[in-house]
Peer 1: 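Take a look at the following structure, please.
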Amino acid sequence: ANDALTVVVNPQNTWARCLSVEELKRIWEPGSKINNWKDVRPGFPDVPLRLYGAGTDSGTFDYFTEAIVGKARASRSDYLATEDDNVTVQGVAGDRGALGYFGFSYFEENKSRLKAVEIRNPKTGQCVAPSVQSAQDGSYKPLARPLFIYAKGSSFKRPEVQAFLGFIFANEAAIAKRADFVPLTKAQLKRAKRYYLLSVRTANRS
């Protein structure tokens, strides 16, 4: 499936409609001293900025830091780090100046309590909101990400593994939607099936 990491603010935040990667980097990079919205961009109000985000053992943390800061696991440490995204939801929903990030599904589940920040596409300069469409068409850069299933190469010769992956291929859109992720595009699904068949042939030759 796909995901669209979502930067969220409090609904009372009327100024941070769209943020650039550079602005997010200055907020989140190691050693950052930005603790007030007025320091993020001229014209932003004098409101304390409090941060919430993924815990350091999370793949979301790795991806966000690499995409925004430029290096995986490079992040300021003075934020509320949690493996429980509900903590981020509660924190941002209860603080006018808060900002946090997590997977698209948690925003979808809490639309009434949070507001998603649009991200300025570094190539086009357009502000793009996280959505199924923007995650699939590549416009939500750089926070759209693919999600993978990993299997040991030799296991592809086992009929139960083939049956399991066959079930996933036949039902991936329904599975993704049920889990509040973004389904694969037709091109992604075609490519995944091609690599799967190649893995089966390789395993059977070994």
Side-chain angles (χ1 to χ4, degrees), residues 1-29 32-54 59-72 74-76 79 85 88-89 91-147 176-177 180-185 187-188:
N2 296 291
D3 193 11
L5 294 190
T6 304
V7 177
V8 294
V9 293
N10 187 280
Q12 295 181 42
N13 182 324
T14 58
W15 57 90
R17 183 185 67 83
C18 176
L19 293 173
S20 69
V21 172
E22 181 57 34
E23 287 169 334
L24 288 169
K25 179 180 179 180
R26 288 193 294 105
I27 291 171
W28 285 99
E29 64 188 350
S32 173
K33 301 300 181 183
I34 295 180
N35 296 305
N36 194 295
W37 280 102
K38 68 179 181 179
D39 299 322
V40 176
R41 184 190 302 174
F44 278 3
D46 182 2
V47 175
L49 171 62
R50 278 176 279 272
L51 299 174
Y52 296 79
T60 298
F61 173 78
D62 290 343
Y63 191 91
F64 183 86
T65 51
E66 184 170 1
I68 296 301
V69 180
K71 181 180 179 181
S75 174
R76 65 190 296 173
Y79 74 99
D85 289 335
T88 297
V89 171
V92 176
D95 186 340
R96 177 172 174 251
L99 178 144
Y101 69 88
F102 43 44
F104 183 63
S105 62
Y106 272 86
F107 170 67
E108 287 284 278
E109 293 173 5
N110 294 277
K111 281 183 176 180
S112 62
R113 304 175 65 191
L114 304 170
K115 184 165 67 173
V117 176
E118 296 180 0
I119 305 300
R120 191 177 302 280
N121 184 306
K123 291 186 177 180
T124 67
Q126 293 182 321
C127 292
V128 182
S131 68
V132 171
Q133 180 179 344
S134 64
Q136 288 183 330
D137 66 21
S139 62
Y140 187 64
K141 290 184 179 297
L143 292 180
R145 63 171 176 169
L147 301 172
K177 290 177 181 177
D180 289 324
F181 287 124
V182 177
L184 298 173
T185 64
Q188 286 176 318

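Predicted, not measured: the structure shown is a model, and the values here were computed from it.
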Peer 1: Minimum heavy-atom separation for I68 to V21, with atom names?
Peer 2: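 So the two residues come closest at O-CG1, 3.9 Å.
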Peer 1: Under a 4.5 Å cut-off applied to non-hydrogen side-chain atoms, are F102 and V92 in contact?
Peer 2: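 No, every pair of side-chain atoms sits at 4.5 Å or beyond.
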Peer 1: Please report the shortest heavy-atom distance between R76 and N35, naming the atom on each side.
Peer 2: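 Looking at all heavy atoms of both residues, the closest pair is NH2-OD1, 2.9 Å.
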Peer 1: What's the shortest heavy-atom distance between W15 and V47, and which atoms?
Peer 2: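 That closest heavy-atom pairing would be CH2-CG2, 4.1 Å.
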Peer 1: Could you check whether any side-chain heavy atom of Y52 comes within less than 4.5 Å of a side-chain heavy atom of V8, counting everything from C-beta outward?
Peer 2: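 Y52 does not reach V8 side chain to side chain.
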Peer 1: Distance check, rounded to the nearest 0.5 Å: E29 atom CD versus I34 atom CD1?
Peer 2: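 It comes to 7.5 Å.
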Peer 1: For S131, does its backbone N or O pair with a side-chain atom of S134 as donor and acceptor, under 3.5 Å?
Peer 2: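 Yes, because the side chain of S134 sits within donor-acceptor range (under 3.5 Å) of the backbone of S131.
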Peer 1: Between L19 and F44, which heavy-atom pair has the shortest distance, and what is it?
Peer 2: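 Looking at all heavy atoms of both residues, the shortest contact is CD2-CE2, 4.1 Å.
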Peer 1: Side chains of L51 and W28: closer than 4.5 Å at any heavy-atom pair?
Peer 2: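 When only atoms from C-beta onward are counted, W28 and L51 do touch, with a gap below 4.5 Å.
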Peer 1: Could you tell me whether the side chains of N36 and D46 share a donor-acceptor contact shorter than 3.5 Å?
Peer 2: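 Result is yes, a qualifying pair exists.
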Peer 1: I need the C127 SG to R17 CZ distance, nearest 0.5 Å.
Peer 2: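 The distance works out to 5.0 Å.
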Peer 1: Rounded to the nearest 0.5 Å, how far does CG of L99 lie from CG of L24?
Peer 2: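 Spacing of CG (L24) from CG (L99) equals 7.0 Å.
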Peer 1: Within the side chain of S105, is there an N or O that forms a donor-acceptor pair under 3.5 Å with the backbone of F181?
Peer 2: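 Side chain of S105 to backbone of F181: no pair is present.
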Peer 1: Whether the side chain of D180 engages the backbone of Y106 through a donor-acceptor N/O pair (distance < 3.5 Å, no angle test) should be reported.
Peer 2: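 Absent.
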Peer 1: Closer than 3.5 angstrom, by distance alone: can the side chain of Y63 be matched with the main-chain N or O of A144 as a donor-acceptor pair?
Peer 2: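 It does hold such a pair.
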Peer 1: Are any non-hydrogen side-chain atoms of L143 and T6 less than 4.5 angstrom apart?
Peer 2: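 Not touching, per the 4.5 Å side-chain cut-off.
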Peer 1: Within this structure, what is the CD-CZ distance for the pair E109 and F104, rounded to the nearest 0.5 Å?
Peer 2: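 Separation between the atoms: 11.0 Å.
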Peer 1: Near K141 NZ, under 6.0 Å, is it more than 12 heavy atoms from other residues, nucleotides or ligands?
Peer 2: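 Result for NZ/K141: open.
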Peer 1: To the nearest 0.5 angstrom, please state how far the NZ atom of K33 sits from the CG atom of D39.
Peer 2: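 So the NZ of K33 and the CG of D39 are separated by 13.0 Å.
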Peer 1: What heavy-atom pair brings C18 and R120 nearest, and what distance separates the two atoms?
Peer 2: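 In terms of heavy atoms, the two residues are closest at SG-N, 3.8 Å.
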Peer 1: Within a reach of under 6.0 Å around CD of Q133, are more than 12 heavy atoms found that belong to other residues, nucleotides or ligands?
Peer 2: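 Not buried by this count: 12 neighbours or fewer within 6.0 Å.
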Peer 1: Examine distances only and state if a side-chain atom of R50 and a backbone atom of G97 form a donor-acceptor pair shorter than 3.5 Å.
Peer 2: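 Here the side-chain-to-backbone pair does not exist.
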Peer 1: Can a donor-acceptor pair be found, under 3.5 Å and without considering hydrogens, that links the side chain of Y79 to the backbone of G100?
Peer 2: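 Answer holds: no.
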Peer 1: Are P142 and I119 packed together at the side-chain level, in the sense that at least one heavy-atom pair is separated by less than 4.5 angstrom?
Peer 2: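 P142 reaches I119 side chain to side chain.
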Peer 1: Would you call the rings of Y101 and F64 parallel, tilted or perpendicular, where under 30° means parallel and over 60° means perpendicular?
Peer 2: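 Parallel, since the angle between the ring planes stays under 30°.
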Peer 1: Excluding sequence neighbours, so at least two apart, what forms side-chain hydrogen bond (donor to acceptor under 3.5 Å, both in side chains) with D62?
Peer 2: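 Once residues adjacent in sequence are excluded, the partners of D62 under the side-chain hydrogen bond (donor to acceptor under 3.5 Å, both in side chains) criterion are R73.
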Peer 1: Side chains of T60 and R145: any donor to acceptor distance under 3.5 Å?
Peer 2: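 The answer is yes; a qualifying pair exists.
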Peer 1: Specify the closest pair of heavy atoms between V182 and Q136, including all atoms of both residues, with the distance to one decimal.
Peer 2: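 Minimum heavy-atom contact is CG1-CG, 3.5 Å.
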Peer 1: To the nearest 0.5 Å, tell me how far R41 CZ sits from R26 CZ.
Peer 2: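 Output value for this atom pair is 9.5 Å.
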